[in-house]
Every structure is written in structure tokens, then in C-alpha cells.
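We name chains A, B, ... by the order of the sequence lines, and we start the count at 1 in each one.
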Protein chains: 2
Amino acid sequence: MGAFKMRGATNAILNLSEEKKAKGVVTHSSGNFAQALSLAAKSLDVPAYIVMPDSASEVKKSAVRTYEGKITECPSTLQDREATANKIQKETGATFVHPSNDLDVILGQGTAAIELLQDYPDLDYIICPVGGGGLIAGTALTVKHFGNNCKCIGAEPIEVDDAWRSLQSGKIETNETANTIADGLKTQLGDKNFPIILENVDEIIRVSEEEIKAALKLIWERMKIVVEPSSAVPLAAIIKEKHRFQNKRIGIIISGGNVDLSKLPF
Amino acid sequence: MGAFKMRGATNAILNLSEEKKAKGVVTHSSGNFAQALSLAAKSLDVPAYIVMPDSASEVKKSAVRTYEGKITECPSTLQDREATANKIQKETGATFVHPSNDLDVILGQGTAAIELLQDYPDLDYIICPVGGGGLIAGTALTVKHFGNNCKCIGAEPIEVDDAWRSLQSGKIETNETANTIADGLKTQLGDKNFPIILENVDEIIRVSEEEIKAALKLIWERMKIVVEPSSAVPLAAIIKEKHRFQNKRIGIIISGGNVDLSKLPF
């Protein structure tokens, strides 16, 4: 479905007992994890209940429906989403799977970087976007355990630099505003992924909205991949600090192509 | 560079003598072949001279320049383009490589279908877009020589159905108008590829502009690949005749992502 969240969702479901699998899984997400959990569940013949904000675009809802996720809409506040997911858990017995703050999800997402290092064992850096923290936590674990002097660097929009500030302060910071085109990266870190990030991510590079848009356009035009703005943030970070990265072997985690084609920034 | 024309261009250059390679190659193209020949030549350390219509978009010119093709602009008529390419041949000694009507180009392009059949030996159909005829001629040769009862079907916009009419009449037909979004398929067949197509292509399916746009959107949204409208024509043909293709094993040749992101049809 276009994002490595598919791996986290699949791993989380595979780790459930048969009894729990039969009752299904539930999550709240408007983005890639909604599609990932739906498709992973469908592939494993497990019901998936997806709580989506009523403001989510028709494109995103339609993708979830295609993957046979059962959508429940609710107001877009975190409280409403959590309450709705709780209610579904109670009614159906489904297991809640958090999009990023779940160890099985984190480990599943880390497998993308394992395959990258299998193909290119001598990477100097793997650069990964930072949003809710699941993908980078898995990536960072992989880099430390399977890399050969490789460093894991996070990339984040300046407009939502909560993870950058969290690494400075040593506690989970939040964003007061979220004026970024990279809407997959607006979420904050969680108590399960933050300790992993704190210990294993070497640095976070922050980029501007203009830098994100330029990298996005480059990926679309030259790599011919439909990526969402969040996925272009690592390339934007490399281009921003290109002198430092010259002659280095760099892997980039590109994940997520959730875009509304009628609202492109080009 | 996003199109299988890269294979044809590479094969054509590799078949030149060292002496000819040193003098370079020349072609006239505004599309994927311009980029393909430039990048193939750059990779093989050979000069590439590209004749482009002065009406070509800046995006296309910029891609050719990135791949170090030396651009000469001229008016967009076929006569002007051929005259300009001739002049460059005389001045530089470069070898002319036609984008589609060249046996080495045709054979190079056929290697995409060879790899597809290596991965999926029991395909019932391989469906390929028809423009100048190079890609489908190579694909059809592959299907007949390496397929296992596989059929090669062409897909073409109704608005420029010269190849469909050529198969009916047994001679190369032309288009009087070219009102299609699939601008890579406006060209006509050539004397080298037409006999191959006539002998080895089983059928051509024609699709409407609306069918092309719907298939294009589906590829962008679900496969997350930036393809140009021409590349969506085979999927449009399958969707159009979906009952007939039900439960069949179908390979599709998707080639070319030459799009101006500021002028998308979505």
C-alpha cells in the first residue's frame, strides 16, 4: 500500500494469538497506518476496525475501504479518536494496535532498513523521517544491530520539530502549531519509542517547508515515485547539508505515498 | 530515467564500433528517448546530440541537460527535425539513432519483457502501449520467442489509432489529428518495426481519453508510480475488457514518466 507501516501492522497482527486474531484489530489513524492495518488484516483474514477523523479526505477513506477496513468516523481530536477506539475494543474484543508506539509495530518497521543493509552493508548513514517515532525507532535499532559503523539520522520539518527538541531536553516534547506540508509528521513521540530513539538516533536534521517541496519535486520528477511530502524530508535534509554528506554512502527510508492528486503543491 | 527506451538506447550505442562511439550519437526526440539516449551515452562516455523542438517543455530540456545531452533546438516539424539531425551528423560524424525504427533499439527494448517472463514464465498476455512501434516490436519478439503460449497485445488511444488501422490494412497508416493526452503515442510506425508488429502482435485494443485518465489515476494512487498518460494505456485496455481478461495472467509494460507536474490532468 505504499508505506513501510505495512510491515509494522503485519508484524503486530502476526504476534497475536489465534483467539485474538479472530476478534480483529482496531486503530485510529487518518493516514498510512489506516491503510496498512486494513491491508495487513485482509491478507491475514482478520477483521480491521479503523477510526478515522470525519475530516479525512475521501481518497484516504476510499483506500481503506478497498482494503476492507471497517471505518468508524469521529471528530478529529485525539480524545475523540481514543474514546471511539476504546468503544470498538469493548464491543468487538478487537486488539488495539497503535500506529507508532507499539514494540511489534516498531520491530516490523525496522525490517525495511535490514533489507537495505543486506543490499548495501557499508552504508555510512541511514536517514529516516520522524513523525510518531515508530519507523525511526525500528530503523535506529536495525542500524545499531546490523550496521557497520552506520549512523541513524532523523529528518524533521522545522515547523514540527518536537523530536529535535525532545532529543535536546531528554523528555517527550509536543508541537504547539503544525504548519507543515508533511502532514504525516505532525504526531509526537510515544513512551515506547522515545527511549529507543534517545539511545539509538545520532542526530535529527530539521528542514524548511521550501526545502521539503524542492526535494518532493525532485523525487517525483526523477525517481518517478508518488511519495507524500513526509517521505521527501530525509532527501531535503541531505540536500540541505550536502557538503557534509559528500562521498558518503547514504540510505534513505522513503515511506508513504498518501497524496490527494487534486491538491498537489506543484 | 524512467522508461525502457533506456535499454534500446544502450543497446544501440553498445553495437557501435569504438570509432563510431567516439564520434557520438544523435537523435531527434522531445520525449523519453531524448533522455534515454543522453543518459545511456553519458554512462558509456559517448557524446549525445539531441534535436528537440523549440516547443518542448523546460522540464524535458532540463532532464536532457542533467544527463549531459547536447541540445539543438529547431522548429517542431518532422522535416526540420530530420534536417537538423542530418546537419549534426555531417558536422560531427555522430551516428543517427532513431527512437523506435531501429533494430538495435527494438531488441534492447524487448529485454524488459524477457525479464518479466523470467519472473512469470506462464503469462497468458503481455500488453504494451503502441506509439512509434519500437517497444511493442521488441516486446512482441520476446513474447513469441520466450513466451509459453503467451500473446502480445497492443494498446492504443482511439484518437491516434494508426497502428490499429495499420494492422487492418497491412500498410503503415498515419493520424490526421492527434487529440490525445497520451502524447508519447502520437508517432507512427516505421518500416523496420511494422513488419515485426504485423507478424507478432496478436491484436490492438483501443481506449478512450476518459479510460486513459482513469487508469492513470489508479496507477498514481495505488501503485505510487509517476507514469505519463501513455504508460496507462495498457491498464486502460485491460479494465475496458475486464471480463475477457478475468483469471488470466497478464503482464503490463509500463514505461515512461515524462510529466509536467504543473499540468496534471487530475
Atom [atom1] of [X]: over 12 foreign heavy atoms under 6.0 Å:
| X | atom1 | answer |
| --- | --- | --- |
| D122(A) | CG | yes |
| K217(A) | NZ | no |
| D119(B) | CG | yes |

Smallest heavy-atom separation, S62(B) atom then R222(A) atom, equals OG-NH2, 3.5 Å
M1(B) versus chain A, the contacting section by heavy-atom distance below 4.5 Å:
backbone
Write out, in numerical order, the residues from residues 236-259 of chain B with a heavy atom short of 4.5 Å from a heavy atom in chain A.
G257(B), N258(B)
Largest heavy-atom contact set with chain B, pairs under 4.5 Å, which of L264(A), V227(A), D260(A), T66(A):
T66(A)
Using non-hydrogen atoms only, which part of S231(A) is less than 4.5 Å away from chain B: side chain, backbone, both, or neither?
neither
